[in-house]
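Have a look at the structure below, then the notes.
A, B, ... follow the sequence lines: proteins, then strands. Residue 1 opens every chain.
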Amino acid sequence: MNLDELNKEQKEAVLTTNGPILVLAGAGSGKTKVLTTKIAYLIEEKGISPFNILAITFTNKAAREMKDRLVRLVGNKADYSQISTFHSFGVRILRENAEILGYTKTFSIVDADDSETLVKRILKEMDLDPKYYNPKNIRNKISSSKNDMVSSTEYDKYAFGEFEKVVSEVYKRYETKLKKSDAVDFDDLLLLPIKLFKEHPDILDKYQEKYKYILIDEYQDTNDAQYTLSKMISYKYKNICCVGDNDQSIYGFRGANYKNILNFEKDYKNAKVIKLEQNYRSTSTILDAANDVISHNKERKEKNLWSTKGTGEKITYYKAYNGRDEAFFAIREIKNLIKKGVPKEEIAIIYRTHAQSRIFEEELLRENIPYNIVGGTGFYNRKEIKDILAYLKLINNDKDDISLNRIINVPKRGIGAKTVSNIADKSNDLNISMYEAITTGKEYEFKKLIEDLKEASQSRTITELIDYVLDKTGIEQEYKNEKSIESEVRLENLDEFRTVAKSFEERDGIVSLSDFLQEIGLSTDVAVSDNKEAINLMTVHSVKGLEFDYVFIVGLEEGLFPHMNALEKGSITELEEERRLCYVALTRAREKLYLLNAKVRVKFGDETTNAVSRFIEEINPDLLDKAFKEEPSITVSEVKKINKEDVLREEGEVEYNVGDNVFHQVFGKGKVLEVNGSILSIAFPHPYGIKKLMKNHKSLNKI
DNA sequence: CGGCAATGTGTTTTT
DNA sequence: CACATTGCCG
């Protein structure tokens, strides 16, 4: 095997196959390359069976990427290694040992939405006002307790205040209901394997023998449960290779503890520590900017990341007037890049929150530029998809009260809230599932329908079953009758769902319903529709581990990036996580970075003025090339004042007529082209062009 | 029970 | 703004 492409440290990381090793790898220092080469080396040179290798990543996207790269190195053998996220690894263990833990093999997985719905139902049962006891908040508390491995019984011991007592009771009921439904949540996928291993050392031993070689990517993002799990599996042979970078720790919100990476040497005696400090990815301009930003974090180990790639182009910084202008600028630049021959897949737009994607999507659609979008108001969050999934889940596991509740009256079949709550009461009293509790009435018709679907599922493939369900339940007919654009889209989505199921079947041969449900239960995006030759849109969290030649980071404003919630709490920890997030974003680019923000942004329906992100101000101005006319910049404290004032005139409305000359605070002199109610179209000199503005806006005056 | 209108409420990030 | 929840009426 040819290792000539690796530098000295990378080579050492690959060749050290036995014993614990920690690779502290700066951004772009080739850590994925080290991991994939190392797996290939184990298989090809050390004769290790691919079955004995476990590689863990943090997102589905990263797992897919790693698998693809490994296939390129060793061919289809790669399929025999377990390369997945912690959660899908957990599903596998659970599937193989379900009965021992008191579940069946066809257990359901509830996602974050379902689990919030469950919390709401419990609050209703307890007669508590969800306005005071916020369901989302309570769900988060339960989830983070689980991630810290605090059980409901333990939580109760330390629940003192009135609110915490309630959380404790909800937590207890939540666990009972899940168990009764033969269902697990995302956190259980980590906790139950740990429980299994604690209670059954013989089973743990089996897995330790199976997974003799363990590799974990993004180790700085492990939470307590993941940390414990990886320690357990690797305990016997200690052939564990963890790769990470504390400057890229961005999952604090879900309990990640970057100290795990610092404790590695304590946990594994005589661990070898290797530092990768040469960056192969980015130009020095990009790297300098990233270093400028991250150096403002106090809680960090100094690191010396260097590049030999040359200076490259300056970073383009564009301060837009509003979100639309920001998108215009980005798309105009992207069109130029494409014209110059840059492949579309080498361009990415990255943002802090999903909500920002829409305006870029609109402009890309308008310009006919193909794009992929990762995550977001995902496919699996659409109503019609959740409905068909709930049917499939109930067919697969009739104890699944969560799914039953969702679809017992979808499409409408005259079963109202009262009936449902009667069924729920009965099921609680007799300690049976809601499905079992149904014996009479219209709901019995529903039960007969499900019985028929179950019967049908025995002799059908998933795709055939989906068609059968859509037909028998009347879901498809309902949308067909509706004949609106909305219902057309829903029908298209259902078609897409068929395609997803089909590609599963084609990949794995015949798939069992529970395998199918358990696998897609963990995916937030539709991997199948990822097309090449398209530009990429995603959040900073999803972009980690990826790289592109041209990267546009948008929405660099105080309140958005860094996000308001981190600022409001005034906690340094959270601000520093935002900064690491920015570091991750900046270091994705190989050739050129574009930093964008908007002065005015629509939020909750009305306009707010944002100050420039502190992260831009932390970058040495010599690295920036400003693509806008300089005007007095707004400081953070000034914006606080502006936001309190109303930007619109309250009285003395000004009348505008076509041809009027106006002056705008930002765009300067202009001429009114069109008056349409309270909206004016005004021509401004280059580079602003024609803008639509509100006639009562304070920034606009008649001259 | 279902439909509609009024009212309220909220947006980080992922598995 | 967009969506969820509540309240009222047929």
Subject >> Charged N-O contact under 4.0 Å between A:D182 and A:K105 >> reply: no
Subject >> Minimum-distance nucleotide to A:F253 side chain [options: B:dT14, B:dC1, B:dG2] >> reply: B:dT14
Original post:
Under 6.0 Å between ring centres, would you say that holds for A:F360 and A:Y371?
Top reply: no
Original post:
Any Lys/Arg nitrogen of A:D387 or A:R490 sitting under 4.0 Å from an Asp/Glu carboxylate oxygen of the other?
Top reply: no
Original post:
Would you say A:N147 reaches B:dT15's phosphate, i.e. side-chain N/O to OP1/OP2 under 4.0 Å?
Top reply: no
Original post:
A:D400 and A:S181: side chain to side chain donor-acceptor pair (under 3.5 Å), yes or no, with the steps?
Top reply: CA-CA 5 Å; A:D400 187 341; A:S181 298; 5.3 Å; no
Subject >> Nearest listed nucleotide, side chain of A:T539, among B:dT13, B:dT12, B:dG2 >> reply: B:dT13
Original post:
What's the verdict on salt bridge (charged side-chain N to carboxylate O under 4.0 Å, His left out) for A:R358 and A:E361, showing C-alpha distance, side-chain angles and the deciding distance?
Top reply: CA-CA 5 Å; A:R358 210 165 127 171; A:E361 284 191 78; over 6 Å; no
Original post:
Which of the following nucleotides, B:dT12, B:dT14, B:dC1, is nearest to the side chain of A:T419?
Top reply: B:dC1
Original post:
Between A:N140 and A:G416, which is nearer to the 5' end of DNA chain B once each is assigned its nearest nucleotide?
Top reply: A:G416
**OP:** Find the distance A:L191:CG to B:dT15:P and express it as a whole number of Å.
**Re:** 18 Å
**OP:** Determine, for A:K599 against A:E557, whether the closest basic-nitrogen to carboxylate-oxygen distance falls under 4.0 angstrom.
**Re:** no
Original post:
Rounding to a whole Å, what distance do you find between A:E568:CD and B:dT12:C1'?
Top reply: 12 Å
**OP:** Determine, step by step, whether A:R614 and A:E578 satisfy the salt bridge (charged side-chain N to carboxylate O under 4.0 Å, His left out) criterion, reporting the C-alpha distance in whole Å, the side-chain angles of both residues, the deciding distance to 0.1 Å, and the verdict.
**Re:** CA-CA 11 Å; A:R614 68 190 68 196; A:E578 294 289 313; over 6 Å; no
**OP:** Starting at atom OH of A:Y380, determine the distance to atom C1' of B:dT14, rounded to an integer number of angstrom.
**Re:** 16 Å
Subject >> Closest nucleotide among B:dT12, B:dT15, B:dG2 to the A:R254 side chain >> reply: B:dT15
Original post:
For residues 134-149 of chain A, which residue pairs qualify under salt bridge (charged side-chain N to carboxylate O under 4.0 Å, His left out), counting only residues two or more places apart or in two chains?
Top reply: A:K146-A:E175, A:K146-A:D185, A:K146-A:D188
**OP:** For A:E96 and A:Y207, run side chain to side chain donor-acceptor pair (under 3.5 Å): C-alpha distance rounded to whole Å, both residues' side-chain angles, the deciding distance at 0.1 Å, then the answer.
**Re:** CA-CA 11 Å; A:E96 290 168 353; A:Y207 284 101; 2.5 Å; yes
Original post:
What integer distance in Å separates A:F58:CZ from B:dT14:P?
Top reply: 14 Å
**OP:** Specify the separation, in whole Å, of atom OH of A:Y251 and atom C1' of B:dT12.
**Re:** 12 Å
Original post:
Starting at CG of A:N565 and ending at C1' of B:dG10, how long is that distance when rounded to a whole Å?
Top reply: 11 Å
**OP:** Work out which heavy atom in A:K442 is nearest to a heavy atom in A:G414; give both atom names and the distance.
**Re:** NZ-O, 2.9 Å
Subject >> Of residues 82-95 of chain A, the positions that come close to DNA chain B - non-hydrogen atoms, cut-off under 4.0 Å >> reply: A:T85, A:H87
Are any protein N/O atoms closer than 3.5 Å to N/O atoms in nucleotides 5-10 of chain C? If there are, list each pair with its distance.
residue: C:dT5; atom: OP1; partner: A:K120; partner atom: NZ; Å: 3.1

**OP:** Find the distance A:I109:CD1 to B:dT15:C1' and express it as a whole number of Å.
**Re:** 10 Å
Subject >> A:A112 side chain, from C-beta outward: closest of B:dT14, B:dT15, B:dT12 >> reply: B:dT15
Original post:
Within the pair A:H354 and B:dT14, is there a side-chain N or O less than 4.0 Å away from OP1 or OP2?
Top reply: yes
Original post:
Any chance the rings of A:H541 and A:Y351 have centres within less than 6.0 Å?
Top reply: no
Original post:
At under 4.0 Å between heavy atoms, what does A:A417 touch on the DNA or RNA strands: base, sugar-phosphate, or nothing?
Top reply: sugar-phosphate
Original post:
Touch check for A:K136, heavy atoms < 4.0 angstrom, all strands: base, sugar-phosphate only, or nothing?
Top reply: sugar-phosphate
Original post:
For the pair made of CD in A:E576 and P in B:dT13, what is the distance, rounded to whole Å?
Top reply: 22 Å
**OP:** Indicate, with a heavy-atom threshold strictly under 4.0 Å, whether A:D111 touches base, sugar-phosphate, or nothing.
**Re:** nothing
**OP:** Give a yes/no answer on whether the side chain of A:R358 brings an N or O atom under 4.0 Å of OP1 or OP2 in C:dA2.
**Re:** yes
Original post:
What nucleotide among B:dG2, B:dT13, B:dC1 has an atom nearest to a side-chain atom of A:K418?
Top reply: B:dC1
